[in-house]
Q: 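Following this message is one structure expressed as structure tokens.
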Amino acid sequence: MDNHLPEDFAKLELPDELGKAIIELGFESCTPVQKEVLPHSLDVKDIIAQAQTGTGKTAAFSLPIIERITAGERKVKAIVLAPTRELARQVAEVAPSLAQFKDLH
């Protein structure tokens with residue numbers, strides 16, 4: 001496993017826990033939607049984005065949410081609404097993988 005954060009993710013200055021998850025999950029670079037969305041959403045801006053299936057939208061909105069949640073607190077801090085069961089399952093699989101090095105549940 002490569003222990004270096006891909007350059008475009010490194011430019012985002014994500015916390016170490018998210019960087020470790022990105023490396024662990026084998027992300028090689030930001031997708032186009034992630035390049036457009038992440039810098040703005042990490043700055044707490046509202047975003048509306050549309051992209052094809054499989055383009056990394058789930059990570060694009062999950063990373064800023066995970067980054068903002070204080071680890072160790074046992075309170076509901078975020079709710080993600082999905083229009084289909086399939087998308088809800090995808091978020092339920094991807095978000096915990098991205099948060100695997102942070103004390104979130």
Side-chain angles (χ1 to χ4, degrees):
M1 176 178 75
D2 182 11
N3 290 324
H4 299 294
L5 191 60
E7 184 179 340
D8 44 4
F9 282 107
K11 288 178 184 177
L12 297 171
E13 299 179 5
L14 296 168
D16 289 343
E17 298 92 353
L18 293 179
K20 283 185 200 178
I22 289 167
I23 293 167
E24 180 76 20
L25 294 170
F27 286 38
E28 295 179 9
S29 64
C30 287
T31 65
V33 72
Q34 291 166 348
K35 284 180 185 177
E36 291 293 322
V37 168
L38 284 170
H40 300 292
S41 59
L42 289 167
D43 285 339
V44 192
K45 298 204 172 68
D46 292 335
I47 303 287
I48 296 175
Q50 182 176 349
Q52 296 272 14
T53 299
T55 57
K57 293 182 300 294
T58 302
F61 73 77
S62 296
L63 285 168
I65 292 170
I66 294 164
E67 192 267 338
R68 285 189 196 100
I69 296 174
T70 304
E73 291 184 6
R74 300 292 187 235
K75 299 177 184 176
V76 175
K77 294 291 188 165
I79 297 174
V80 177
L81 301 176
T84 66
R85 183 176 297 156
E86 178 184 326
L87 289 174
R89 283 187 180 140
Q90 178 179 328
V91 173
E93 291 172 6
V94 172
S97 297
L98 293 169
Q100 65 183 301
F101 296 106
K102 204 167 174 181
D103 185 22
L104 302 180
H105 302 278

Q: For the hydrophobic clusters of this structure (ILVMFWY residues joined by side-chain heavy atoms under 4.5 Å, transitively), does one cluster hold both Leu63 and Val91?
A: yes
Q: Nearest heavy-atom pair of Asp43 and Pro39: which atoms, and what distance?
A: OD2-O, 3.3 Å
Q: Using every non-hydrogen atom in the two residues, find where Leu104 and Ala71 come nearest and quote the distance to one decimal.
A: CD2-CA, 4.0 Å
Q: Quick one: closest heavy-atom pair of Ser97 and Ala21, and the distance?
A: O-CB, 3.7 Å
Q: Answer yes or no: is there an ion pair linking Glu7 with Lys11, defined by an N-O contact shorter than 4.0 Å?
A: yes
Q: Count the heavy atoms of every other residue, nucleotide or ligand shown that sit under 6.0 Å from CZ of Arg68, and state whether that count exceeds 12.
A: yes
Q: Are Ile22 and Phe61 in one and the same hydrophobic cluster, where Ile, Leu, Val, Met, Phe, Trp and Tyr link if side-chain heavy atoms are under 4.5 Å apart?
A: yes
Q: Without swapping roles, check the side chain of Lys77 against the backbone of Thr70 for a donor-acceptor pair under 3.5 Å.
A: no
Q: Is it true that Leu81 and Ile48 fall in one hydrophobic cluster, defined by side-chain heavy atoms closer than 4.5 Å?
A: no
Q: Is the shortest side-chain N to carboxylate O distance from Asp16 to Lys102 below 4.0 Å?
A: no
Q: Do Ile23 and Val94 land in one hydrophobic cluster if side-chain heavy atoms of ILVMFWY residues count as linked below 4.5 Å?
A: yes
Q: Within the 4.5 Å heavy-atom criterion, are Asp8 and Phe27 side-chain neighbours or not?
A: no
Q: Kindly give the heavy-atom pair with the smallest separation between Ile69 and Ala78, and that separation in Å.
A: CD1-CB, 4.1 Å
Q: Checking side chain to side chain contact (heavy atoms under 4.5 Å, CB included) for the pair Leu38/Phe9: CA distance, chi angles, key distance, verdict?
A: CA-CA 9 Å; Leu38 284 170; Phe9 282 107; 4.2 Å; yes
Q: Does Gln100 have more than 12 heavy atoms from other residues, nucleotides or ligands lying within 6.0 Å of its CD?
A: yes
Q: Which heavy-atom pair separates Ser29 from Gln34 by the least distance, and what is that distance?
A: O-OE1, 4.2 Å
Q: For Gly19 versus Leu5, what's the shortest heavy-atom pair and its separation?
A: O-CD1, 3.6 Å
Q: Could you tell me if the side chain of Val80 sits less than 4.5 Å from the side chain of Ile65, heavy atoms only?
A: yes
Q: Give a yes or no answer on whether the side chain of Thr31 reaches the backbone of Thr55 with a donor-acceptor pair at less than 3.5 Å.
A: yes
Q: For Arg74, does the CZ atom sit with more than 12 other heavy atoms under 6.0 Å from it, leaving out its own atoms?
A: yes
Q: In the single-linkage hydrophobic clustering (I, L, V, M, F, W, Y; side-chain heavy atoms under 4.5 Å), do Leu98 and Val33 co-cluster?
A: no
Q: Show the numbers, then the answer: is there a side chain to side chain contact (heavy atoms under 4.5 Å, CB included) between Leu42 and Leu14?
A: CA-CA 9 Å; Leu42 289 167; Leu14 296 168; 3.8 Å; yes
